[in-house]
Amino acid sequence: MRLKSLIGIILWGSMLVACGPDNRVALAEKLMAEKETDSAIVVMNEIKEPLHNLSKHDYALYALLMSEAVHRKQQLNAATDTLLLPAIKYFSQSGDSLYAERALYCKAHLDRRLNRMSDAMQSFLKALLFLQNSGNHEQLYRVNTWLGVVCLNQEEYSGKVRYSKEALKAALDLGNMFYKNMALCDISTGYLFLNQLDSALYYAQAAYEAALADSVPQQLPFIYTNLGSIYSQKGEPTKALDYINKSISLRPAKDTVRILSLYGAKLELFGKLGQYDSAYHYFQKVISSPNPSSVADAYNNMAKIYHKMGRASDAYPMLQRFIELSDTIRKYRHTEEAIALQELYKHEQLSVENLYWRTRAAERQRNVYWMTTISLLLVWVASAVYLIYRRNRLMAQQHQLVKKEKELAQQREITSENLRRMVELEQKEAKLKETFFRRLSQKVVQEIERGGNVILSDEDWDDIVQNADIIFNNFTKRLQQTYPSLNKDDLRYCCMVKMQLSQSGMAQVMHLERDSVKKRLKRIRMEKMGADSGVTLEELLYNF
């Protein structure tokens, strides 16, 4: 028994030495605190296989510091999630509220980057829980301010007001006049979107008075713009115009995008005042803006002015140009969303793969440990049998044979389990792809589920084909190469099959009878793809 205890101590001692503290993690933390981000990254990149060579605490801290460094360099991406999750789990369970809050704060910004606003809201709220009673007014201000930003993005305007007021309290406790003024402006903005104009005006005026009293002149352009928006919404264009002019006068000449945006506000205000020549003068200025949204708003406002003047023939081309620009902006945003979804899909796929390999690594580590333990025990048993129980050697060998057979049986079970997991992973990946394709084709799916009249333009079909190619690795192009006789309509049917639409749903989209759709699918499968009668088109396209 004493020999067994000694063996266990030696094994566990070796593992603790291998996972001891790494001074490079502490150095990286010091460099990050001193804002030496690039140097911290260089130090952390020197750590080879940190997951295996660092203790749990050091790896969690390494993951947090690396994520914060990427965030500072504005390079957050879906892969950062893989780093942040173990850091959040470890520090949340260890009760280290400082590190847990920092990890959640970084995770919230990553969620915003990936357009996961609901997840960002949850991460910020969890970070806020760790900040309670911490006395860290700086971070309380930041988290509440960003919660207000997310609420505004989600059109939760009452939340914008609530969290901005909490940010104001933190700014006052901190004694930071700039933060105080920013919070007052944020509160005013929240009330403006709630259409509570008296409250919006109260906080905007408070921000103006605070900017003068606290010597924060850099905030005045934003305050004047806010006041202009409030008075415009209150139906007082003359006052609104005065504040917009003040905002323009305080902005540097190089701030052309913001100034041209304010010119757009002047265009709208002059239209309300009936000063159409002045409105047209600023219209000519705004349409040179590099911001397509400002240009689109300018054409829309000018169309309204011409309509108000009774000049319908002049209003029509303005409105037509506005629609063209709006379509361009919509397509650009759609492309951005598709890219974000694709990046998120790749991240989900990477997470699944990482889970698989982590499981394999853990199994290998356990196998090494048990093999080492068994080997040492075998040496001990062999020595004991040889020295003390020589006459029972045959029985000991038979015992070892039985033990080996059990180990082989366990190994076979592990191999079978690994194969089952790989099959499940492949099925999950295929299901994930189908889910993403249905999310990108919501227009068709939602209309069919409502039983509405589905009318798809060539542009809609182009979007569906493009999404299929993005998600399924050039799906239609590979189909065309493999089966050259497929035409454009055949490819559309294949996309609907990949979308998992029923034959009734396809009939609704193509405006045909269900029997006609069934015949068309059969013709594609047998005549153009040369498939056997016992194979369905869904089976052919499932893994294509």
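The analysis underlying the following values was restricted to heavy atoms, covering all of them including side chains, and did not include hydrogens, waters or symmetry mates.
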Gap separating the [atom1] atom of [X] from the [atom2] atom of [Y], nearest 0.5 angstrom:
| X | Y | atom1 | atom2 | answer |
| --- | --- | --- | --- | --- |
| Lys107 | Asp119 | NZ | CG | 5.5 Å |
| Lys160 | Cys151 | NZ | SG | 8.5 Å |
| Met302 | Met318 | CE | CE | 6.0 Å |
| Leu61 | Tyr90 | CG | OH | 9.5 Å |
| Ser229 | Tyr243 | OG | OH | 12.5 Å |
| Leu125 | Leu147 | CG | CG | 5.0 Å |

Might you point out which heavy atoms bring [X] and [Y] nearest each other, and give the distance in Å?
| X | Y | answer |
| --- | --- | --- |
| Leu64 | Ala87 | N-CB, 4.2 Å |
| Tyr163 | Gly148 | CB-N, 4.0 Å |
| Ala468 | Cys495 | CB-SG, 4.1 Å |
| Leu168 | Lys180 | CD1-O, 3.8 Å |
| Ala204 | Ile223 | O-CG2, 3.7 Å |
| Ile244 | Gly228 | CD1-CA, 4.2 Å |

Can you find a pair of side-chain heavy atoms, one from [X] and one from [Y], that are under 4.5 Å apart?
| X | Y | value |
| --- | --- | --- |
| Lys246 | Leu227 | no |
| Leu129 | Leu104 | no |
| Thr256 | Pro290 | no |
| Asp198 | Lys234 | yes |
| Met121 | Asp111 | no |
| Asp469 | Gln466 | no |
| Arg102 | Phe91 | no |
| Tyr316 | Leu319 | no |

Pair Asp462 + Lys488, salt bridge at N-O below 4.0 Å: no

Glu138/Arg142 ion pair, N-O < 4.0 Å: yes

Without swapping roles, check the side chain of [X] against the backbone of [Y] for a donor-acceptor pair under 3.5 Å.
| X | Y | value |
| --- | --- | --- |
| Asn153 | Val149 | no |
| Asn226 | Phe222 | no |
| Arg24 | Glu46 | yes |
| Ser261 | Val257 | no |
| Asp460 | Ser457 | yes |
| Asn300 | Ala296 | no |
| Ser188 | Leu184 | no |
| Asn53 | Lys48 | yes |
| Asn181 | Ala207 | yes |
| Arg251 | Ile259 | no |

Residue of the set Val143, Asp96, Leu128, Leu140 for which side-chain contact (heavy atoms from CB on, under 4.5 Å) holds with Glu101: Val143

Cation over ring face, Lys498 and Phe472, 6.0 Å, 45°: yes

Extract all donor-acceptor atom pairs below 3.5 Å that involve side chains of residues 278-286 and protein atoms in other chains or at least two apart in sequence.
residue	atom	partner	partner atom	Å
Tyr280	OH	Gln284	NE2	2.4
Tyr282	OH	Lys266	NZ	2.8

For [X], is the [atom1] atom crowded, meaning more than 12 foreign heavy atoms sit under 6.0 Å from it?
| X | atom1 | result |
| --- | --- | --- |
| Lys308 | NZ | yes |
| Lys169 | NZ | no |
| Arg258 | CZ | no |
| His307 | NE2 | no |
| Tyr276 | OH | yes |

Candidate pair Val509 and Trp461, rule side chain to side chain contact (heavy atoms under 4.5 Å, CB included), full reasoning: CA-CA 11 Å; Val509 172; Trp461 278 114; 3.7 Å; yes

Pair Tyr105 and His109, ring centroids less than 6.0 Å apart: yes

Ser232/Lys272 under side chain to side chain donor-acceptor pair (under 3.5 Å): CA gap, chis, key distance, verdict: CA-CA 9 Å; Ser232 175; Lys272 291 180 179 179; 3.2 Å; yes

Asn176/Tyr141 under side chain to side chain contact (heavy atoms under 4.5 Å, CB included): CA gap, chis, key distance, verdict: CA-CA 10 Å; Asn176 189 312; Tyr141 169 80; over 6 Å; no

Pairs where residues 27-39 contributes a residue and the test side chain to side chain donor-acceptor pair (under 3.5 Å) is met, not counting sequence neighbours: Glu29-Tyr99, Lys30-Glu34, Thr37-Arg72, Asp38-Lys73

Verdict with reasoning, Leu267 to Tyr263, per side chain to side chain contact (heavy atoms under 4.5 Å, CB included): CA-CA 6 Å; Leu267 157 64; Tyr263 283 165; over 6 Å; no

Stepwise side chain to side chain contact (heavy atoms under 4.5 Å, CB included) test for Leu491 and Val465: CA-CA 8 Å; Leu491 292 175; Val465 170; 5.7 Å; no

